[in-house]
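Just so it is clear: chains get the letters A, B, ... in the order the sequence lines come, proteins before strands, and each one is counted from 1.
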Amino acid sequence: MGERILVCVAWPYAKSVTHVGQIVGSILPGDIFARYQRMAGNEVLMVSGSDAHGTPITVEADAEGISPNEVVERYHAQILGVWERLGVTWDNYTVTTNPTHYREVQAFFTRLLERGYLFKETMTSPYCPTDDRFLQDRYILGTCPHCGFARARGDQCEQCGKLLDPDQLIDPYCRICLSKTSKIEFRATEHYFWDLTKVQAPLEEWAQAAMGHWRSHVVGVVQGWLKEGLRPRAFTRDIDWGVPVPVAGFENKRIYVWYDAVMGYLTATIEWAEQQGTPDVWRDWWVTTAENPQPSKTYYFIGKDNITFHAIIWPALLMGHGELVLPYDVPANEFMQMGGMKASASEGNVVWTPDALDRYGPDALRYYLAAIMPEQRDTNFSYEDLVRRNNDELVATFGNAAHRTLTFVQKHFGGQVPEAGALTVEDEALLATTRATFDAAGAAINAVHLRDGLSEAMALARAVNKYLDDQAPWKMIKTDRERAATSLYVVVQALGALRILLTPYIPHATQKLHTILGFSGSVDNCAWQYATVPSGQALPVPVPLFAKFDLPEVAAV
RNA sequence: GGGCCUAUAGCUCAACGGCAGAGCAGCCGGCUCAUAACUGGUUGGUUACAGGUUCGAAUCCUGUUGGGCCUACCA
């Protein structure tokens, strides 16, 4: 086995089914990367789960008259269904309500406490007497002192955009009960704070060394925060849904959902190890020693809204813990806009993943999202563009390269991979390109340049089509059967390579190609290297790899 | 308000101090194995705007304009 690669993927919030922005931002890049690393011979663990805690879920539960856990279980089940359909290869996709998570988050808390990173402080928080609960800033509404907007939130006014504190609002009221008669109170409450100032220096030192291969927009955020100087952050919340604080007197408080969610990468690994019946194996992935400071390379696949938490806060927590491996890379993606507009559920221009899957299936969606993945800057999603790329690139370029070859072999060579005669310069050239594509695409994916990896593979598909046109076996078959056989043999080798090269991106289609090239078993088990499709191998009657789609009638999104 | 990122062909995106490129769309040609699918050639850019540094700038610097993210209690 090669290296240990831990693929950590952002935790979807269990309050809705996923939208395509989450897929393109973190889930799909994580899956492409993990699939490649497995084929490249590395030991891979890919973990994530549904984020179950936080105020919005309790509000949703109250509104529906059900428990928070019922809300979570409903959406978690839906999300699992999406992974099944999309073909995401989790080693453990869990949910933050699992017992291992509670136990290990509390252990992490206790360790931070014992090591002196947490301190208690009394603060004043807004409180709704009607609901008998403390309110987070965004659950307080009132009139904006700057612009007079009547429904400004306690954290920010949506009209003028100014940042606010709840006590600045004029006539504040509770967003949950909407009661304007019972006044918001400000009550004293005690919380744990996490003293980030204690890790400022080591964090700077680590970041300096680690960020050499990071994306520039991630580096920018990290440098900005470090330059600004880290400050203590509240670590607990007045809420009854979340991981309990393991300290007497804190029974009505919970660990802030942000922290328990990010610790999920660790706890999901521990849970995975337990499920394997080898409960200590997680240590091989996470625990550093003097001899082995990097037990695994950890990659965090997230959207750009999450950079601070994964590139500053989580590494700082890991340092506070003291013996856990720090992130190797945080390849955050930018955002994918919808039809030129910022994606927003309230604006109604969010594309829900199940809808996209219903229309076009997993591989057209995976291919399109990989092709426009916002690795360096925001990109733009539209169904029209998805259909165009499906028809022009998957069907016409890649699918057709396979189909025209295999139907021809079926007709003229009895459904067996032809015998190769002497190879010409052109034959050798295509085979050389084929071999080189493994290196080029592999290097790109390993550097988390996933779009480049895809375009390398598609360039090979175009080279196959050009080679076929140049060699014209349909003419050659009439005059020189051996030459025709040889060129078809060469093309079959290139197709055999494409079934591997494209598996991280479009695994369902490449599994089909795997089968119609006469292989059994799963294409996932192929190694990332050139391997011959042997002459004489029996080829089943080929079926098209992809279907064409009609352009959507409504141009919207 | 502050910080960070970003603007390149009709469209989607590369190039990151050394001749501005690819795919698609458009135009002209070739092929007929293939889901009318393939392929060659070609048109198309004052690199948002204004300055500056440099032998040389899409690239580095300053400013302006537009977009995005973060801003410590959103998850």
For A/K15, enumerate each residue passing the salt bridge (charged side-chain N to carboxylate O under 4.0 Å, His left out) test, keeping only those at least two apart in sequence or located in another chain.
->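 Salt bridge (charged side-chain N to carboxylate O under 4.0 Å, His left out) check on A/K15 returns A/E60.
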
Watson-Crick and G-U pairing of RNA chain B written in dot-bracket, each distance under 3.5 angstrom, with | for inter-strand partners | (((((((..((((....[..)))).(((((.......))))).....(((((..]....))))))))))))....

A/H403 and A/F408 aromatic centres sub-6.0 Å |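 No.
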
Set of side chain to side chain contact (heavy atoms under 4.5 Å, CB included) partners for A/A485, sequence neighbours left out |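 Here the qualifying residues are A/F413, A/P418.
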
Considering only B/C13, B/A37, B/C74, which nucleotide approaches the side chain of A/Q136 most closely?
->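 Selected nucleotide (nearest to the side chain): B/C74.
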
Could you pull out the protein-nucleic contacts involving nucleotides 8-11 of chain B (nitrogen or oxygen on both sides, under 3.5 Å)?
unit_1 : atom_1 : unit_2 : atom_2 : d
B/U8   : O4     : A/R377 : NH2    : 3.3

Between protein and nucleic acid, restricted to nucleotides 27-32 of chain B and to nitrogen or oxygen atoms under 3.5 Å apart, what atom pairs and distances do you find?
unit_1 : atom_1 : unit_2 : atom_2 : d
B/G30  : N2     : A/D469 : OD2    : 3.1

Which pairs count as salt bridge (Lys or Arg N to Asp or Glu O under 4.0 Å) when at least one residue sits in residues 476-491 of chain A, sequence neighbours excluded?
->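 Passing the test, one end in residues 476-491 of chain A: A/D427-A/R483.
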
With A/E426, which residues qualify under side-chain hydrogen bond (donor to acceptor under 3.5 Å, both in side chains), at least two apart?
->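 Per chain and number, A/E426 pairs via side-chain hydrogen bond (donor to acceptor under 3.5 Å, both in side chains) with A/T424.
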
Listed partners of A/T437 passing side-chain hydrogen bond (donor to acceptor under 3.5 Å, both in side chains), at least two apart =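 Expected list: none.
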
Partners meeting ring-ring contact (aromatic ring centres under 6.0 Å, His included) with A/Y93 (sequence neighbours left out) |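 With sequence neighbours excluded, A/Y93 shows a ring-ring contact (aromatic ring centres under 6.0 Å, His included) to A/H76, A/W83, A/W90, given in chain and number order.
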
What's the CE-C1' distance between A/M476 and B/C33, to the nearest Å?
->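 The distance from CE of A/M476 to C1' of B/C33 comes to 14 Å, rounded to the nearest Å.
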
RNA chain B contacts among residues 404-419 of chain A, heavy-atom distance under 4.0 Å =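 RNA chain B contact set from residues 404-419 of chain A: A/R404, A/T407, A/F408, A/K411.
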
Stretch residues 458-468 of chain A: residues that reach within less than 4.0 Å of RNA chain B through a heavy atom =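 RNA chain B contact set from residues 458-468 of chain A: A/R462, A/N465, A/K466.
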
Once each nucleotide of nucleotides 59-70 of chain B is scored for protein heavy atoms under 4.0 Å, what B/S/- sequence comes out, 5' to 3'?
-> --------SSSS

